[in-house]
Amino acid sequence: MPKCCCCNLRKVYSKQEKEELLDKIISIEKDMFVKVNDGYGKEACQSQLKTFYAMRYMSFTVLSGETLQSYYEDLRFALQEQRNLVWEKYARMDNLIPVINENCLIPKIVEIETEWMETLHKRFPHAIQNGPQFANYERSELETYSDQTLELYYRDVLTAKQWQINLAEERYKILYKNMGFNSLEEVEAKAVGK
(Lines give C-alpha, C1' and ligand atoms only; values in the text may rest on other atoms or scores of the structure.)
Protein backbone atom coordinates (compact mmCIF):
# COMPACT_ATOMS: atom_id res chain seq x y z
CA MET A 1 0.00 0.00 0.00
CA PRO A 2 1.38 3.40 -0.85
CA LYS A 3 2.15 5.44 2.23
CA CYS A 4 3.75 8.78 2.88
CA CYS A 5 7.15 8.31 4.47
CA CYS A 6 8.50 11.80 3.93
CA CYS A 7 9.20 12.56 7.57
CA ASN A 8 9.35 11.09 11.05
CA LEU A 9 7.82 14.08 12.80
CA ARG A 10 4.71 13.29 14.82
CA LYS A 11 1.69 15.39 14.01
CA VAL A 12 -0.45 16.49 16.93
CA TYR A 13 -4.13 16.10 16.11
CA SER A 14 -6.75 18.29 17.73
CA LYS A 15 -9.84 16.71 19.26
CA GLN A 16 -11.87 18.02 16.31
CA GLU A 17 -9.43 16.54 13.77
CA LYS A 18 -9.62 13.16 15.52
CA GLU A 19 -13.42 13.31 15.60
CA GLU A 20 -13.50 14.09 11.86
CA LEU A 21 -11.17 11.15 11.17
CA LEU A 22 -13.32 8.85 13.32
CA ASP A 23 -16.42 9.88 11.39
CA LYS A 24 -14.71 9.24 8.03
CA ILE A 25 -13.36 5.86 9.16
CA ILE A 26 -16.62 4.64 10.63
CA SER A 27 -18.59 5.87 7.61
CA ILE A 28 -16.42 3.81 5.25
CA GLU A 29 -16.52 0.79 7.57
CA LYS A 30 -20.31 1.09 7.90
CA ASP A 31 -20.67 1.00 4.10
CA MET A 32 -18.43 -2.07 4.00
CA PHE A 33 -20.33 -3.66 6.89
CA VAL A 34 -23.75 -3.41 5.24
CA LYS A 35 -22.35 -5.15 2.16
CA VAL A 36 -21.23 -8.21 4.12
CA ASN A 37 -23.37 -11.20 3.09
CA ASP A 38 -25.73 -12.89 5.52
CA GLY A 39 -23.57 -15.99 5.16
CA TYR A 40 -21.50 -14.45 7.94
CA GLY A 41 -24.52 -14.01 10.20
CA LYS A 42 -24.24 -10.23 10.31
CA GLU A 43 -27.74 -9.44 8.98
CA ALA A 44 -29.17 -8.75 12.44
CA CYS A 45 -26.26 -6.47 13.31
CA GLN A 46 -26.60 -4.60 10.04
CA SER A 47 -30.00 -3.34 11.16
CA GLN A 48 -28.39 -1.87 14.28
CA LEU A 49 -26.04 0.66 12.76
CA LYS A 50 -26.12 2.89 15.86
CA THR A 51 -24.64 0.01 17.83
CA PHE A 52 -22.08 -0.55 15.09
CA TYR A 53 -21.08 3.12 15.27
CA ALA A 54 -20.81 3.04 19.07
CA MET A 55 -18.64 -0.09 19.06
CA ARG A 56 -16.33 1.15 16.32
CA TYR A 57 -16.08 4.60 17.93
CA MET A 58 -15.10 2.99 21.22
CA SER A 59 -12.46 0.86 19.47
CA PHE A 60 -10.78 3.70 17.63
CA THR A 61 -11.13 6.74 19.89
CA VAL A 62 -8.25 5.69 22.17
CA LEU A 63 -5.79 5.55 19.26
CA SER A 64 -3.53 8.40 18.19
CA GLY A 65 -4.43 10.70 15.34
CA GLU A 66 -1.52 9.31 13.35
CA THR A 67 -2.81 5.76 13.69
CA LEU A 68 -6.30 6.85 12.71
CA GLN A 69 -4.98 8.75 9.69
CA SER A 70 -2.99 5.73 8.57
CA TYR A 71 -5.98 3.42 8.93
CA TYR A 72 -8.15 5.91 7.05
CA GLU A 73 -5.61 5.72 4.21
CA ASP A 74 -5.82 1.90 4.40
CA LEU A 75 -9.58 2.12 3.96
CA ARG A 76 -9.28 4.53 1.03
CA PHE A 77 -6.74 2.27 -0.63
CA ALA A 78 -9.00 -0.74 -0.06
CA LEU A 79 -11.86 1.09 -1.75
CA GLN A 80 -9.64 1.82 -4.76
CA GLU A 81 -8.75 -1.88 -4.89
CA GLN A 82 -12.44 -2.84 -4.45
CA ARG A 83 -11.66 -4.70 -1.21
CA ASN A 84 -14.07 -4.92 1.69
CA LEU A 85 -11.92 -5.00 4.82
CA VAL A 86 -14.90 -5.79 7.05
CA TRP A 87 -15.76 -8.83 4.92
CA GLU A 88 -12.09 -9.89 5.02
CA LYS A 89 -12.06 -9.61 8.83
CA TYR A 90 -15.13 -11.85 9.18
CA ALA A 91 -13.80 -14.30 6.61
CA ARG A 92 -10.52 -14.52 8.53
CA MET A 93 -12.40 -15.04 11.80
CA ASP A 94 -14.13 -18.04 10.22
CA ASN A 95 -10.85 -19.18 8.61
CA LEU A 96 -12.45 -19.02 5.15
CA ILE A 97 -9.55 -17.19 3.52
CA PRO A 98 -5.79 -17.46 4.07
CA VAL A 99 -3.84 -15.11 6.32
CA ILE A 100 -3.90 -11.58 4.91
CA ASN A 101 -0.94 -10.10 6.77
CA GLU A 102 1.75 -11.99 8.68
CA ASN A 103 3.29 -8.90 10.27
CA CYS A 104 5.14 -9.92 13.45
CA LEU A 105 3.52 -7.06 15.38
CA ILE A 106 0.07 -8.67 15.19
CA PRO A 107 0.66 -11.38 17.84
CA LYS A 108 2.41 -8.81 20.06
CA ILE A 109 -0.57 -6.47 19.91
CA VAL A 110 -3.04 -9.32 20.42
CA GLU A 111 -1.11 -10.53 23.48
CA ILE A 112 -1.18 -7.13 25.17
CA GLU A 113 -4.81 -6.42 24.27
CA THR A 114 -5.84 -9.90 25.48
CA GLU A 115 -4.08 -9.31 28.81
CA TRP A 116 -5.92 -6.02 29.15
CA MET A 117 -9.26 -7.68 28.45
CA GLU A 118 -8.56 -10.47 30.95
CA THR A 119 -7.62 -7.93 33.63
CA LEU A 120 -10.74 -5.92 32.93
CA HIS A 121 -12.99 -8.98 32.95
CA LYS A 122 -11.61 -10.06 36.34
CA ARG A 123 -12.51 -6.66 37.80
CA PHE A 124 -15.89 -6.40 36.10
CA PRO A 125 -17.01 -9.96 35.26
CA HIS A 126 -20.65 -9.02 34.67
CA ALA A 127 -20.07 -5.80 32.75
CA ILE A 128 -17.20 -6.91 30.53
CA GLN A 129 -17.49 -10.10 28.53
CA ASN A 130 -14.32 -11.92 27.59
CA GLY A 131 -13.48 -15.16 25.92
CA PRO A 132 -11.27 -16.89 23.38
CA GLN A 133 -13.14 -15.22 20.53
CA PHE A 134 -11.61 -11.84 21.48
CA ALA A 135 -8.11 -12.83 20.35
CA ASN A 136 -9.47 -14.28 17.10
CA TYR A 137 -11.48 -11.12 16.42
CA GLU A 138 -8.51 -8.87 17.23
CA ARG A 139 -6.07 -10.88 15.12
CA SER A 140 -8.46 -11.02 12.18
CA GLU A 141 -9.04 -7.29 12.24
CA LEU A 142 -5.35 -6.43 12.59
CA GLU A 143 -4.57 -8.57 9.53
CA THR A 144 -6.56 -6.08 7.44
CA TYR A 145 -4.31 -3.18 8.52
CA SER A 146 -1.27 -2.05 6.55
CA ASP A 147 2.19 -2.53 8.02
CA GLN A 148 2.43 1.22 8.67
CA THR A 149 -0.87 1.24 10.56
CA LEU A 150 0.26 -1.78 12.58
CA GLU A 151 3.49 0.00 13.53
CA LEU A 152 1.57 3.06 14.69
CA TYR A 153 -1.03 0.94 16.50
CA TYR A 154 1.75 -0.98 18.26
CA ARG A 155 3.37 2.31 19.27
CA ASP A 156 0.03 3.41 20.78
CA VAL A 157 -0.27 0.13 22.67
CA LEU A 158 3.30 0.26 23.98
CA THR A 159 2.91 3.88 25.05
CA ALA A 160 -0.26 3.01 26.96
CA LYS A 161 1.43 0.01 28.56
CA GLN A 162 4.42 2.15 29.57
CA TRP A 163 2.04 4.60 31.27
CA GLN A 164 0.11 1.68 32.82
CA ILE A 165 -3.04 2.58 30.90
CA ASN A 166 -5.34 -0.30 29.99
CA LEU A 167 -6.74 0.70 26.58
CA ALA A 168 -9.50 -1.90 26.87
CA GLU A 169 -10.65 -0.20 30.06
CA GLU A 170 -10.46 3.22 28.41
CA ARG A 171 -12.59 1.93 25.53
CA TYR A 172 -15.28 0.56 27.81
CA LYS A 173 -15.33 3.72 29.90
CA ILE A 174 -16.06 5.68 26.71
CA LEU A 175 -18.72 3.21 25.56
CA TYR A 176 -20.58 3.19 28.85
CA LYS A 177 -20.24 6.94 29.35
CA ASN A 178 -21.90 7.42 25.97
CA MET A 179 -24.67 5.11 27.23
CA GLY A 180 -25.24 7.33 30.28
CA PHE A 181 -23.20 5.52 32.95
CA ASN A 182 -20.76 7.33 35.23
CA SER A 183 -18.31 4.46 35.72
CA LEU A 184 -17.59 0.80 35.07
CA GLU A 185 -18.34 0.18 38.74
CA GLU A 186 -21.86 1.48 38.15
CA VAL A 187 -22.29 -0.78 35.12
CA GLU A 188 -21.04 -3.78 37.10
CA ALA A 189 -23.37 -3.05 40.03
CA LYS A 190 -26.33 -2.78 37.66
CA ALA A 191 -25.37 -6.02 35.90
CA VAL A 192 -25.04 -7.85 39.23
CA GLY A 193 -28.42 -6.51 40.36
CA LYS A 194 -30.27 -8.06 37.42
Side-chain angles (χ1 to χ4, degrees), residues 1-3 21-63 67-118 120-121 127-154 156-157 167-168 170-172 174-176 178-179:
M1 288 182 195
K3 293 287 182 181
L21 269 173
L22 286 166
D23 284 341
K24 290 177 189 176
I25 287 167
I26 298 170
S27 177
I28 294 172
E29 283 198 337
K30 178 191 59 110
D31 291 343
M32 290 180 172
F33 181 67
V34 298
K35 293 176 184 170
V36 173
N37 293 333
D38 183 42
Y40 294 99
K42 306 301 175 267
E43 195 171 74
C45 296
Q46 290 170 347
S47 66
Q48 300 175 355
L49 293 179
K50 284 185 180 181
T51 302
F52 176 83
Y53 184 92
M55 297 304 290
R56 298 312 285 163
Y57 183 88
M58 125 186 190
S59 294
F60 292 127
T61 195
V62 299
L63 300 176
T67 303
L68 295 175
Q69 182 66 48
S70 185
Y71 181 57
Y72 174 61
E73 296 302 327
D74 293 351
L75 288 166
R76 290 181 49 180
F77 184 76
L79 289 173
Q80 290 174 5
E81 298 290 306
Q82 298 183 341
R83 290 176 57 206
N84 183 329
L85 299 187
V86 175
W87 176 87
E88 291 178 12
K89 172 177 63 178
Y90 289 128
R92 280 298 301 135
M93 285 174 66
D94 294 337
N95 206 27
L96 298 175
I97 60 173
V99 173
I100 300 166
N101 186 339
E102 295 181 348
N103 188 301
C104 65
L105 295 178
I106 293 173
K108 294 177 182 180
I109 295 169
V110 170
E111 180 181 359
I112 294 168
E113 295 260 19
T114 300
E115 287 174 14
W116 283 337
M117 281 298 292
E118 288 170 357
L120 195 57
H121 176 68
I128 309 296
Q129 300 301 311
N130 191 32
Q133 68 275 15
F134 172 79
N136 183 39
Y137 181 92
E138 181 80 0
R139 185 179 309 103
S140 299
E141 176 160 331
L142 292 173
E143 284 185 24
T144 68
Y145 293 5
S146 69
D147 288 341
Q148 176 174 307
T149 300
L150 288 169
E151 288 172 19
L152 292 167
Y153 192 109
Y154 186 58
D156 291 350
V157 167
L167 289 185
E170 296 305 309
R171 288 181 178 113
Y172 276 98
I174 290 163
L175 176 68
Y176 285 125
N178 288 338
M179 293 171 66

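Reckoned from all heavy atoms, side chains included, excluding hydrogens, waters and symmetry mates. Computed from a prediction, not measured in an experiment: that's the story for all the values here.
- Using a distance-only test at 3.5 Å, with no hydrogens or angles considered, no donor-acceptor pair links the side chain of Y172 to the main chain of L120.
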Under 3.5 Å, side-chain donor or acceptor atoms of residues 99-107 against the rest of the protein: list the pairs with distances, not counting sequence neighbours.
| from | atom 1 | to | atom 2 | distance (Å) |
| --- | --- | --- | --- | --- |
| N101 | OD1 | N103 | N | 2.8 |
| N101 | ND2 | Y145 | O | 3.0 |
| N101 | ND2 | D147 | OD1 | 3.2 |
| N103 | OD1 | L105 | N | 2.7 |
| N103 | ND2 | D147 | OD1 | 2.9 |

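- Within the 4.5 Å cutoff, no side-chain heavy atoms of M32 are placed close to those of W87.
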**Report entry** V34 and L49: CA distance, side-chain angles, deciding distance, side chain to side chain contact (heavy atoms under 4.5 Å, CB included) verdict
**Finding:** CA-CA 9 Å; V34 298; L49 293 179; 3.9 Å; yes
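- No side-chain donor-acceptor contact under 3.5 Å links D156 to the backbone of L63.
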Requested in this report: Please step through side chain to side chain contact (heavy atoms under 4.5 Å, CB included) for the pair E118 and F134, ending with a clear verdict.
Outcome: CA-CA 10 Å; E118 288 170 357; F134 172 79; over 6 Å; no
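- Residue A127 comes nearest to Y176 through the heavy atom pair O-OH, 2.9 Å, listed as atom of the first residue, atom of the second, then distance.
- Side-chain atoms of T61 do not come within 3.5 Å of backbone N or O of M58 as any donor-acceptor pair.
- Separating the CD atom in E111 from the CZ atom in R139 is a distance of 11.0 Å, to the nearest 0.5 Å.
- Considering all non-hydrogen atoms of both residues, V110 and A135 come closest at CG1-CB, 3.9 Å.
- Atom CG of D74 sits about 10.5 Å away from atom CD of Q69, to the nearest 0.5 Å.
- Between E29 and K89, no side-chain nitrogen of the basic residue sits less than 4.0 Å from a carboxylate oxygen of the acidic one, so the salt-bridge criterion is not met.
- A distance-only check finds a donor-acceptor pair linking the side chain of R92 to the backbone of I97 [under 3.5 Å].
- Y71 pairs with exactly one of F77, F60, Y153 by the ring-ring contact (aromatic ring centres under 6.0 Å, His included) rule, that one being F60.
- Annotation: side chain of W116 is in contact with side chain of I112 (closest heavy-atom distance under 4.5 Å).
- For the pair A168 and M117, the tightest heavy-atom approach, listed with the atom from each and the gap, is CB-SD, 3.7 Å.
- Looking only at side-chain heavy atoms (C-beta outward), I109 and E138 come within less than 4.5 Å of each other.
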Report task. Determine, step by step, whether F52 and Q48 satisfy the side chain to side chain contact (heavy atoms under 4.5 Å, CB included) criterion, reporting the C-alpha distance in whole Å, the side-chain angles of both residues, the deciding distance to 0.1 Å, and the verdict. Result -> CA-CA 6 Å; F52 176 83; Q48 300 175 355; over 6 Å; no
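- Between the side chains of Y57 and D23, no donor N or O sits under 3.5 Å from an acceptor N or O.
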